Number of protein chains: 2
Amino acid sequence: MSWRISKEGFDPSSIELDGSRFLIANGYMGYRGTLEEFGKNELVACTVAGVYDRYDDKWRELVNVPNGLFVKVNYNNTLLSPMTFQDCAHTYGLDLKDAYYFRNTKFFVDKEKWIKIKTKRFASSTDYHLLCLEYSITANFDCEIEIETGIDCDIWEINGPHFKGMSFQKLDGIYVTRLTTNEGKNFAVAETADHLDNFIDKEYLRLYARKSKVKLASDKEFKFYKYMCVTHSIEFENPFDEAIKRINEAKNLGFDYLFEKHRERWQERWSICDISIDGDEKAMLALRFSMYHLLSIAPYHSEKLSIPARGLSGQMYKGAIFWDTEIFMLPFFSYTLPDVARNIVMYRVHTLDGARRKAKEYGYGGAFYAWESQETGDDACSLFNVTDVITQRPIRTYFRDKQIHINGDVVYGFFTYYNATGDFSIFLEGAAEAVFECAKFYYSYAYYKPLKDRFEILDVTGPDEYHERVNNNAYTNRIAKFTFEKAIWLYDILKEKYPNILQEIDSKTCISQYIEKIKEAEQKIFLQKPNEEGIIEQFDGYLKLEDIEVEKLKDKMLHPYEYLGGGNGLATQTQVIKQADVVVLLNLFESEYEKAILKANWEYYNGRTEHGSTLSYSMYGLLAAKLGKLKDAYEYFLKTALIDLEGNYKQYVGNLYIGGTHPAANGGTWMAAVFGFGGIRVEGTKVEMDPHLPAHWKSLRFNLIIHGNLFEFEISNSKILIKSTRLKNSKNRSYRIVANKSEFIHEIGQLLEINLKGE
Amino acid sequence: MSWRISKEGFDPSSIELDGSRFLIANGYMGYRGTLEEFGKNELVACTVAGVYDRYDDKWRELVNVPNGLFVKVNYNNTLLSPMTFQDCAHTYGLDLKDAYYFRNTKFFVDKEKWIKIKTKRFASSTDYHLLCLEYSITANFDCEIEIETGIDCDIWEINGPHFKGMSFQKLDGIYVTRLTTNEGKNFAVAETADHLDNFIDKEYLRLYARKSKVKLASDKEFKFYKYMCVTHSIEFENPFDEAIKRINEAKNLGFDYLFEKHRERWQERWSICDISIDGDEKAMLALRFSMYHLLSIAPYHSEKLSIPARGLSGQMYKGAIFWDTEIFMLPFFSYTLPDVARNIVMYRVHTLDGARRKAKEYGYGGAFYAWESQETGDDACSLFNVTDVITQRPIRTYFRDKQIHINGDVVYGFFTYYNATGDFSIFLEGAAEAVFECAKFYYSYAYYKPLKDRFEILDVTGPDEYHERVNNNAYTNRIAKFTFEKAIWLYDILKEKYPNILQEIDSKTCISQYIEKIKEAEQKIFLQKPNEEGIIEQFDGYLKLEDIEVEKLKDKMLHPYEYLGGGNGLATQTQVIKQADVVVLLNLFESEYEKAILKANWEYYNGRTEHGSTLSYSMYGLLAAKLGKLKDAYEYFLKTALIDLEGNYKQYVGNLYIGGTHPAANGGTWMAAVFGFGGIRVEGTKVEMDPHLPAHWKSLRFNLIIHGNLFEFEISNSKILIKSTRLKNSKNRSYRIVANKSEFIHEIGQLLEINLKGE
């Protein structure tokens with residue numbers, strides 16, 4: 001049963017978390033795990049990827065559309081809902097394998113009598129405009145119920161209202177709303193109900209519904225189906241017609257057929273992605289849950305989309321794309337669904353102009369990627385991102401203007417994809433240009449210190465957002481150097497192999513005029529070196545800050561949601577950090593440091609990290625696993641994996657609601673398993689392995705696609721089994737596998753067994 | 001009567017302000033303007049210059065010593081004090097000319113009966129270890145009173161207790177306390193009462209006193225005298241013996257003689273310093289009051305002392321020396337008491353090693369002067385200088401580590417003195433070395449920006465402390481360039497004329513290795529240029545901050561003492577500034593800017609300045625006067641002049657008490673009068689004059705000592721009269737006087753009349 005997540009009973013306080021936890025999505029839209037009878041107050045939302053809107057001077061965010069899956073059932077003038085109906089047995093959850101949401105509620109209307117509602121819904125993975133719902137009602141006695149279903153246009157919006165225009169139309173059993181956002185984008189949301197007759201149309205304020213009376217015979221199941229279709233003008237010239245066409249198509253094909261196709265698609269996905277762990281059902285389920293979410297929200301259909309920090313679980317974080325995607329999620333996709341990974345990295349190519357605008361706005365050269373990126377690449381991040389809970393004043397945060405590591409993260413993302421796939425074409429299609437622009441930006445941002453003959457990067461915010469505007473953040477400086485390195489490497493390759501493309505890029509970027517400067521900066525950029533104790537200082541002066549225990553610091557808090565960073569936050573003048581920072585550096589550039597240094601820094605920073613970001617656990621877990629610190633590694637692995645399952649994370653920063661799903665943690669969970677416990681390190685076609693399995697794991701099995709071929713790994717404490725299969729269109733190349741101090745040349749199709757015991 | 005400041009009546013709420021306002025001092029110690037019967041709760045204090053102490057981990061501050069002038073008079077078992085005795089007529093104040101404090105209180109003990117207490121006290125200007133008090137009592141009826149007088153050792157201390165040891169001794173009518181500070185410095189405070197008999201010694205907790213019963217005959221004055229002597233181990237090997245010796249000497253010489261000598265010394269001072277204004281008694285009195293304070297607290301006797309920000313009025317601001325001294329006070333001394341000015345600038349030479357230690361502490365080259373300087377030059381400034389009144393948490397302030405303009409201010413001070421006196425010897429005695437070290441510091445602090453081929457000074461706090469950690473503060477960059485300029489100039493002179501001295505300095509500073517680098521930085525340092533509207537941006541990005549009116553900003557305050565700066569203060573993200581910043585630049589480098597630029601910036605910044613520092617008004621007033629904006633100039637002049645007289649200034653920043661006298665405002669008042677309205681600009685032996693007198697001023701008369709000779713100026717709207725006198729030991733040189741577009745060669749002894757009407 002490690003494919004099913006379900007909960008029993010009804011607890012109003014978990015509506016918010018369950019809505020995220022049990023999300024269904026298909027990369028085009030997400031539909032929260034709420035009950036069919038729920039409305040705006042229960043945070044029902046259908047959030048559409050890539051369509052953003054700003055109302056007035058509020059934050060620009062993703063748009064939620066009306067809820068076409070709305071259903072209410074009344075018996076005896078009483079709503080059948082666990083929220084209001086006391087005596088009921090309620091089960092609900094997700095089937096991860098087939099990717100659907102289910103609920104099963106039995107209402108005891110009388111001592112012996114009950115009515116049962118059972119539903120199943122999925123976000124179609126074959127026509128991503130579709131949401132489908134099967135609604136079944138059974139009673140153990142003859143009775144009449146009243147069903148009300150339609151489109152609920154009373155939308156939960158954080159910074160709305162986003163629709164300045166909304167009109168309703170009824171066409172042959174189909175309900176359609178046409179909507180226009182404040183920014184002028186058009187939506188159509190169509191809905192129909194199948195197998196439901198004798199209804200009358202009702203129109204309420206912001207609700208279009210039909211009412212049907214249905215007679216139920218004892219113990220005889222009554223079923224009807226709902227289809228909801230969402231289209232918009234970014235994709236279609238006429239979203240209205242498209243929605244009608246597709247909803248009719250869906251109705252004709254029927255729920256079962258659509259579900260079967262959907263299921264098949266997911267089977268394909270799982271056949272590559274699934275990870276199995278012999279000896280740890282809980283971990284396996286958590287891993288599957290993580291991958292379910294990543295697979296749900298991935299941009300299969302467009303390279304102009306990426307994955308927002310809260311996936312498609314709502315409008316939190318403005319639906320914006322952060323460094324989370326490249327650093328935490330992209331590895332999973334690069335090694336399991338390279339086409340999706342390609343879409344994700346190409347999104348940064350398509351948003352390069354926005355990044356250029358941002359660099360210009362701040363007076364820098366090149367391109368400066370958005371800290372919070374939306375569809376154009378312009379930065380959605382505000383300068384005042386948090387509200388002081390004590391004074392109710394906005395706090396100036398330096399995420400937008402100082403978190404310049406985002407450029408290096410984007411470049412790192414290109415090379416994560418390239419390293420996994422060997423697909424150089426992204427660089428010819430714009431990624432090289434983006435790398436050059438990122439390098440130019442860093443060069444224009446950096447300063448030269450003559451007395452020390454070095455370049456420094458001043459006044460930045462690293463991943464640890466509690467310490468803003470610091471100098472020479474270890475991570476930022478290294479990723480800037482990485483950017484310089486890759487710009488130089490690409491320049492040389494293009495010059496030799498693709499001179500015409502280089503010329504074209506040069507006409508836009510003048511990279512030829514910069515390349516010598518970039519080479520100098522690459523040579524002379526200052527990197528924080530380990531001190532006598534082996535500690536890499538997070539930034540200039542960090543080690544001189546007050547060294548206080550995290551819990552002691554937290555004891556000083558005056559309010560549970562108090563922000564520890566900002567201008568005068570409690571952590572700012574201490575060594576307490578929000579999240580992995582040096583530890584990110586060590587994970588990303590692991591091969592450059594000796595084990596003793598990795599270990600010393602893990603231990604030093606581990607004791608000083610609040611983990612105030614859900615990005616933090618996985619980085620600590622990953623490095624701990626690489627280091628064989630299995631107890632810590634497993635603990636952090638579980639913490640990451642269970643973030644959404646258990647919901648023990650910060651829901652608020654200051655006054656800001658930051659709930660929703662955590663795809664970066666999902667990606668981090670996968671990394672901790674594969675790169676951490678699995679100990680896999682890929683460099684092109686060389687695969688190094690140094691696994692460290694938790695003691696109770698008998699074996700760990702997973703697949704990776706490396707340079708176009710499928711590798712199946714089975715790791716136990718005694719041996720590693722590797723089997724490879726040539727995939728369609730891939731090259732039949734040879735790989736080098738390094739493990740247990742030996743190197744093996746591996747040809748596709750071979751089976752390799754490596755004994756881990758003894759040397 | 002414009003030499004006397006007096007108040008009538010008793011208001012307990014003005015005890016604090018009066019204590020500062022009516023201070024007597026002699027550069028060695030200050031004694032607050034409190035009544036003889038007052039104690040610790042009324043903030044009685046005798047604060048000794050240059051002796052600092054730290055208790056536990058509290059702030060290190062100046063030491064207050066026991067009060068040897070303590071006197072209480074009882075009639076009929078009732079204390080005669082306006083604080084407790086309702087029916088009395090009370091007058092008190094200062095005689096500015098003869099520099100003494102007086103009080104005159106008539107107690108109506110019955111309908112027809114009164115007892116009058118009249119006192120007079122001064123801090124001797126001839127033996128600066130002495131405080132002298134004349135205490136007179138008269139009754140209009142026969143009666144017996146009880147006098148209690150001695151040493152009150154219950155000391156008002158802000159960050160004390162500072163005496164770890166205290167012992168008392170009685171020797172032939174003399175009371176002596178020996179005290180040892182926590183840091184091990186020894187004090188002796190001796191006291192005696194003359195003309196007072198029949199007493200019995202009493203010892204209370206922390207009070208050593210004698211009680212005498214005195215029979216008063218109707219209408220017959222009874223007088224006695226008190227002498228108090230303070231000595232310490234920084235000056236004397238045996239402070240105890242010195243105190244005994246001096247107190248006996250004082251008693252022998254007697255009050256009248258000592259007062260006469262004191263008066264003569266002050267007469268000399270006033271003969272040079274006094275300013276008279278025909279047509280404005282109020283302004284004249286305020287000016288005299290300002291000069292009285294400056295003359296009281298000046299370090300006449302030592303070049304190891306300077307003037308603390310709150311003079312000798314208490315332990316506020318830790319008794320530390322700030323940039324206030326060089327930029328606001330030093331001009332007055334340089335042109336009226338050059339010997340005192342020399343002491344003040346030499347203080348910075350004596351504290352150079354402390355500044356070197358600070359530079360090293362922060363990893364910079366050269367010397368980094370203390371933001372809050374005490375006797376060693378080590379920085380007394382804490383990193384958390386203000387407490388948040390809302391959360392009661394310390395606020396990190398970047399005064400100590402980022403207010404690097406202090407170095408340029410110190411260098412500017414050397415040249416203020418040198419410009420006024422022509423005395424190059426300070427440079428040979430250490431000031432050149434200090435200038436080199438300051439220049440080296442700036443060079444090591446600065447960064448080079450290759451793409452712009454310029455040096456920048458990043459991450460500083462300018463005079464406006466509400467905007468911390470800014471880049472390229474206009475004032476800081478210019479004063480750094482000034483430092484480079486002067487280092488180069490001095491290097492060339494020393495090389496040519498004093499090669500041995502240069503060699504000696506070079507052995508300590510390696511300046512020869514730096515000089516070419518400093519020349520390059522001097523050429524390439526970035527200076528903020530006026531924009532299209534003529535506005536000089538205070539720092540990079542300032543003009544993009546929210547442009548809100550000062551009053552509107554203040555409306556948002558949640559607490560009257562709320563600090564507007566710090567990490568998240570209300571002003572930090574707006575254009576509202578604490579105090580003159582660009583306007584300081586314009587005053588100090590006036591000749592480099594066209595009038596239109598001066599005017600545009602005065603107007604722009606005037607509207608955005610909170611004047612949250614008492615340093616602010618005078619800078620605005622000074623520039624306004626130079627620009628002929630007479631209404632504004634006069635308003636700011638009065639505001640500055642009346643700061644201590646009217647006491648309308650901030651008494652608290654956050655929770656921090658910042659009361660006391662304001663010598664920088666006193667100096668600013670003088671500058672506004674002489675440089676502002678008088679329009680004097682001295683460059684060596686060239687004196688430019690462009691006076692702008694307020695309309696109601698018929699004439700303004702003042703004296704300046706310029707390069708050793710005395711100049712008397714009398715300015716009216718129609719003409720300028722200049723008379724010069726050769727002073728002892730001065731050179732008989734010729735001067736150039738420029739006024740009304742004409743230049744005059746002036747020989748010492750001549751009388752020059754310049755007509756201002758017509759051209």
Side-chain angles (χ1 to χ4, degrees), chain A residues 361-366 383-384 386-398 401 440 443-459 468-471 513-514 517 520-521 524 540-541 544-546 556-559 562-563 565-570 572-574, chain B residues 361-366 383-384 386-398 401 440 443-459 468-471 513-514 517 520-521 524 540-541 544-546 556-559 562-563 565-570 572-574:
Chain A
E361 175 195 340
Y362 284 106
Y364 297 112
L383 299 183
F384 297 83
V386 180
T387 298
D388 186 322
V389 286
I390 296 163
T391 62
Q392 299 304 322
R393 290 178 185 151
I395 296 177
R396 177 68 156 94
T397 45
Y398 293 88
D401 30 10
K440 278 170 56 190
Y443 185 78
S444 76
Y445 198 94
Y447 280 92
Y448 178 69
K449 191 84 176 174
L451 285 178
K452 296 178 177 167
D453 187 26
R454 71 188 196 189
F455 281 81
E456 299 187 20
I457 299 192
L458 307 172
D459 199 3
E468 299 185 299
R469 305 195 65 191
V470 302
N471 294 336
Q513 294 170 36
Y514 273 88
K517 294 184 176 77
E520 192 198 355
K524 293 186 174 175
D540 290 348
K544 285 187 193 144
L545 295 176
E546 189 194 357
K556 298 186 184 178
M557 288 171 75
L558 301 173
H559 187 291
E562 190 182 336
Y563 185 56
N568 213 28
L570 278 173
T572 57
Q573 302 300 324
T574 75
Chain B
E361 175 194 340
Y362 284 106
Y364 297 112
L383 300 182
F384 297 83
V386 181
T387 299
D388 185 323
V389 286
I390 297 163
T391 62
Q392 298 305 321
R393 289 177 186 153
I395 295 176
R396 177 66 156 97
T397 45
Y398 293 87
D401 32 7
K440 277 170 57 191
Y443 184 78
S444 76
Y445 198 94
Y447 280 92
Y448 178 69
K449 191 84 177 173
L451 284 178
K452 295 178 178 169
D453 187 25
R454 71 188 196 190
F455 282 81
E456 300 188 19
I457 300 193
L458 308 172
D459 197 4
E468 298 184 298
R469 307 198 61 193
V470 303
N471 294 336
Q513 294 170 34
Y514 273 88
K517 294 182 176 81
E520 190 197 355
K524 292 187 174 174
D540 290 346
K544 283 186 193 147
L545 295 176
E546 188 193 358
K556 297 186 184 178
M557 287 170 77
L558 299 175
H559 187 290
E562 188 183 336
Y563 186 56
N568 212 28
L570 278 173
T572 56
Q573 302 300 324
T574 75

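Quantities reported herein were computed from a predicted structural model and do not represent experimental measurements. Chain letters run A, B, ... following the sequence lines, proteins first, then strands; residues in each count from 1.
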Portion of B:R393 that has a non-hydrogen atom of chain A nearer than 4.5 angstrom: side chain
Pair B:Y364-A:L451, side chain to side chain contact (heavy atoms under 4.5 Å, CB included): steps then yes or no: CA-CA 10 Å; B:Y364 297 112; A:L451 285 178; over 6 Å; no
Among B:K556, B:E456, B:K544, residue most engaged with chain A (heavy-atom pairs, under 4.5 Å): B:E456
Which atoms of B:I390 approach chain A - backbone, side chain, both or neither, heavy atom under 4.5 Å: side chain
Nearest heavy-atom neighbours spanning B:K449 and A:Y445: NZ-O, 3.3 Å
Interchain contact, B:A521 with chain A, by part (heavy-atom threshold 4.5 Å): neither
B:T391 portion near chain A, given a 4.5 angstrom heavy-atom threshold: both
Largest heavy-atom contact set with chain B, pairs under 4.5 Å, which of A:N471, A:T572, A:I395: A:I395
B:E520, part contacting chain A, at a heavy-atom distance under 4.5 Å: neither
B:R469/A:D459 under side chain to side chain contact (heavy atoms under 4.5 Å, CB included): CA gap, chis, key distance, verdict: CA-CA 10 Å; B:R469 307 198 61 193; A:D459 199 3; over 6 Å; no
Per-residue contact mode, B:F455 against chain A (heavy atom under 4.5 angstrom): side chain
Atom pair CG (A:D540) and OH (B:Y362), whose distance is rounded to the nearest 0.5 Å: 14.0 Å
Contacting region of B:L558 [heavy-atom separation from chain A under 4.5 Å]: both
